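To start, the structure under review is shown below, and the notes come after it.
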Amino acid sequence: MAILKILEFPDPRLRTIAKPVAHFDAALLKLVDDMIETMYEADGVGLAATQVDVHKRLLVIDVSEDRNEPLVFVNPEITVLDDSLREVKEGCLSVPGFYEPVTRPEHILVRAQDKQGNAFELQPEGLLAVCIQHELDHLNGKLFVDYVSALKRQRIRSKLEKQQRQPA
Ligand code: QAP
Ligand code: CO
């Protein structure tokens, strides 16, 4: 397994639209394992392939308390089930140190494939529903900072650009 490098806002590669996964092969299984390891190492609850500069429609998520229930979503699609919305303070491994409230649909249906290519459906609740929408946004080149005011987004951009100029 390997820890992958996570791209940080405003890296333009985070704006790439990911392509569907077509081959369920050994390379995909390795990528899934590396993404799960990278997510745990970074203390994240979710990671999209876009964030590790792989532009395939693939997400890993773990919202469990003990961080031992990784979920894998390949080629995920969301249907919004009703008009109810919920506001949750979100963060992102690609926007380290910043957290802002984002309003999203509360009730969704997710259709995806697992890492073997088997189709499944899920009606997620709570943080999982938020996280799936946040991660799917990454595959479409979208970040949670796109939902905050332009002023806040610009402040976050400046602070991260300054940090990225400092040697770690
Ligand atoms: C998306 O985000 C999410 O700034 C996943 O310093 C987050 O795992 C969905 C993280 C919240 C719903 C609610 C962020 C770790 C992790 C940071 C993450 C940081 C260290 C973010
Ligand atoms: Co994110």
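Bear in mind that the values here come from a model prediction, so they are computed numbers and not experimental data. Each ligand, and each atom within it, is numbered from 1 in the order the structure gives.
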Could you tell me the residue and atom name of the protein heavy atom closest to [atom], and the distance to it rounded to 0.1 Å?
atom: atom 11 (C) of ligand 1; answer: Gly91 N, 3.6 Å
atom: atom 13 (C) of ligand 1; answer: Leu127 CD1, 3.8 Å
atom: atom 15 (C) of ligand 1; answer: Leu93 CD2, 3.4 Å
atom: atom 9 (C) of ligand 1; answer: Cys131 CA, 3.9 Å

Out of all atoms in ligand 1, which are within 4.0 Å of some heavy atom of [X]? Include the element for each.
X: His134; answer: 1 (C)
X: Gly97; answer: 4 (O), 6 (O), 17 (C)
X: Gly46; answer: 5 (C), 8 (O)
X: Val130; answer: 12 (C)
X: Pro96; answer: 4 (O)

Do [X] and [Y] pair up side chain to side chain, a donor and an acceptor below 3.5 Å, judged on atom types alone?
X: Glu8; Y: Ser94; result: no
X: Asp62; Y: Ser64; result: yes
X: Asn68; Y: Tyr40; result: no

* Could you give me the CA-CA distance, side-chain angles and deciding distance for Glu121 and Arg111, then say whether salt bridge (Lys or Arg N to Asp or Glu O under 4.0 Å) is met? => CA-CA 5 Å; Glu121 279 188 13; Arg111 289 196 182 86; 2.9 Å; yes

* Would you check whether Glu135 reaches within less than 4.0 Å of ligand 1, judged by its heavy atoms? =>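 Yes, Glu135 has heavy atoms under 4.0 Å from ligand 1.
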
* To do: Return yes when Tyr99 approaches ligand 1 closer than 4.0 angstrom through a heavy atom, no otherwise.
  =>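 Yes.
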
* **side chain to side chain contact (heavy atoms under 4.5 Å, CB included) between Leu136 and Arg57, worked out** => CA-CA 8 Å; Leu136 180 53; Arg57 304 194 75 84; 3.8 Å; yes

* Could you tell me the separation between the CG atom of Asp34 and the CG atom of Leu47, rounded to the nearest 0.5 Å? =>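 Reported to 0.5 Å precision, the distance equals 11.0 Å.
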
* Rounded to the nearest 0.5 Å, what's the gap from CG on Asp137 to OG1 on Thr50? Could you check? =>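 The distance works out to 10.5 Å.
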
* Asked: Between Val45 and ligand 1, which residue portion shows a heavy-atom distance shorter than 4.0 Å: side chain, backbone, both, or neither?
  ->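 Both backbone and side chain.
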
* **Rounded to 10 degrees, the angle NE2 of His138 makes with SG of Cys92 at the Co ion (ligand 2)** =>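 So the angle at the metal works out to 100°.
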
* **Check: Phe120 ring centroid to Phe73 ring centroid under 6.0 Å** =>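 Between Phe73 and Phe120, which both carry aromatic rings, the centre distance is below 6.0 Å.
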
* Asked: Is the number of heavy atoms from other residues, nucleotides or ligands within 6.0 Å of CD (Glu77) greater than 12?
  ->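 Atom CD in Glu77 is not crowded, with 12 or fewer foreign heavy atoms closer than 6.0 Å.
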
